[in-house]
Amino acid sequence: MKKKLFVMSMFCLALTTVAHGQQTGADTLDVKADIPTEYLLQSLKPTYLRNANVASGWGSNWFVEVKGGASAFMGSPLGCGDVFDRVTPAFQVGIGKWFTPAVGGRLAFQGFQFKNTEFARMDYQFVHADFMYNLTAFVRQNEQGLSRWDVIPFLGIGMAHNSDWNANGVTGHVSGSHPFAFAYGLEARYHLTDRLHLTAELSGMTTMKNFDAIGTASRFGDNMLTLGAGLSVTLGKVGFKRVVDARPYITQNDWLMKQYNSLSEGNHRLSKRLKHDERCLAEYRKILEIEGLLDLYKGSLSDVDNTTTKSLYPKNDYSGLNSLKARLANKDWDGNPATLPHAWKKRNGNHTESEENSDNLNAGSNASDNDYWNMLKNGNAAIGSPIYFFFHIGTANLTEKNQVINIDEIANVAKKHQLRIKVIGAADSATGTETINDAVSRQRAEYIRRLLLDRGVDTDRITMVCEGGTDVLSPFEANRNTCIVLSF
């Protein structure tokens, strides 16, 4: 029986603890962020999709190419002799445009002479339009989307004209003299500059069998093989615009939307809590008014703090400045460090007439006090606590502009009593690089120093120290500060 009662008691205690923990969590507002906001709000450096470029405009990436070489005609029937017996000079010229790094087109002309099956020389012209595809367009592209080497197969159609065509005594513009023809081949280019390429081309033409006036016109059978080399010049704007990868921006936008929704929900909860607190405050005011206690508690009702959010920065109560002002306001001290022990003892009621003109710091005080007074006199100890000024991240802008009021007080006291001022700038080491933190801490110290100089403090009495990134204070946002220390 005792064992059962013990188990039941422990179970009830556990339930009570869980319920209490839930209630505490419901009544407490504590916003946490796993990643500092400044990292997720920073500007993104564009990245680009691989093998993706924007198509060029009408005035971009035109080219003109000129090549010279040799051609060999192989008709049907083939006749006697080998390929070298049929070689003749060839001239090629073309104009075209690249629509993307891989896809282009051109209009080309080829002509000179060829040897027909009977080795008779004939003049010809061949005009053709080609579709071109660059196999190596996305290999080792530079910033303009151009590769060092281009390997370009092409295929086209056109018309071939034989100026010396004569078959069975029939001459002129008949089907045999300008038949339909196919063009095909492979072009290689080497990138000399952004506008200039060295080119080499192996191409072929296939047309009707009677192109050389020998054979029938009903079938394809006459062929011409051409090998040439030359230069290609790009006209208009050169290069292609790369496509920016939108995924990092989408991720950042999704995070911003989540933050917006989270902050909106938090604002809605705070708004509801404020309305509830206002209703409660109104009810309390009614009760106090009925009981005749409204005047007694009126000040308390107006200063009620309804929030439980944590402050990001430690509260600055300026205790060091207040302590300094209290000491300097002592009417029995003339501001001379040598007379400070006497004024201190007189204020505490243990000053004697024999000590009035004494400069012995050890008289009437213990050793630790004397050490402190000696350090003050020699300028080796600060007067009171340091005064902090806090800044927004990465800037020399104060988080609260009313902190400048303290600069006026410090400047007045320092000038009146000829005090020395040490200005210590700092940044939080949790964000930024060492170089950035050094520069920011210097900017913050210089900003406070400039305010002191503007208020008439002698520049020889101001010492500036830049600590760079620090992690002395918690939370780390508090390390974004400039500290003022006063001494003799």
Testing the basics here: between V485 and P386, what is the closest heavy-atom pair and its distance to 0.1 Å?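 Heavy atoms only, the tightest pair is CG2-CB, 4.0 Å.
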So which atom in M464 and which in A445 form the shortest heavy-atom distance, rounded to 0.1 Å? CG-CB, 3.5 Å
Side chains of Y124 and Q110: any donor to acceptor distance under 3.5 Å?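 Checked: Q110/Y124 side chains pair up, N/O donor to acceptor below 3.5 Å.
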T136 versus N134, side-chain donor and acceptor atoms under 3.5 Å: yes
Less than 4.0 Å between a side-chain N and a carboxylate O, is that true for R449 and E446?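 Looking at R449 together with E446, the answer is yes, because their closest N to O distance falls below 4.0 Å.
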Pair E65 + R189: basic N to acidic O under 4.0 Å: no
Using modelled atom types only, decide if a donor and an acceptor are shared between the side chain of [X] and the backbone of [Y] within a distance under 3.5 Å.
{"X": "D164", "Y": "D123", "answer": "yes"}
{"X": "S147", "Y": "D150", "answer": "no"}
{"X": "N162", "Y": "F211", "answer": "yes"}

More than 12 heavy atoms of other residues, nucleotides or ligands under 6.0 Å from CG of L192: yes or no?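 Yes - once you tally the heavy atoms of other residues, nucleotides and ligands closer than 6.0 Å, there are more than 12.
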Does CD in Q125 sit with more than 12 non-hydrogen atoms of other residues, nucleotides or ligands closer than 6.0 Å? yes
Does F112 reach the side chain of T88, with side-chain heavy atoms less than 4.5 Å apart?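 Of all side-chain heavy-atom pairs linking T88 with F112, none is under 4.5 Å.
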Is there a side-chain contact between R106 and F63 in this structure, where contact means two heavy atoms from C-beta onward sitting under 4.5 Å apart? yes
Near-ring test F182/F220, centroid separation under 6.0 angstrom: yes
Step by step, would you call L486 with I421 a side chain to side chain contact (heavy atoms under 4.5 Å, CB included)? CA-CA 5 Å; L486 300 171; I421 303 176; 3.5 Å; yes
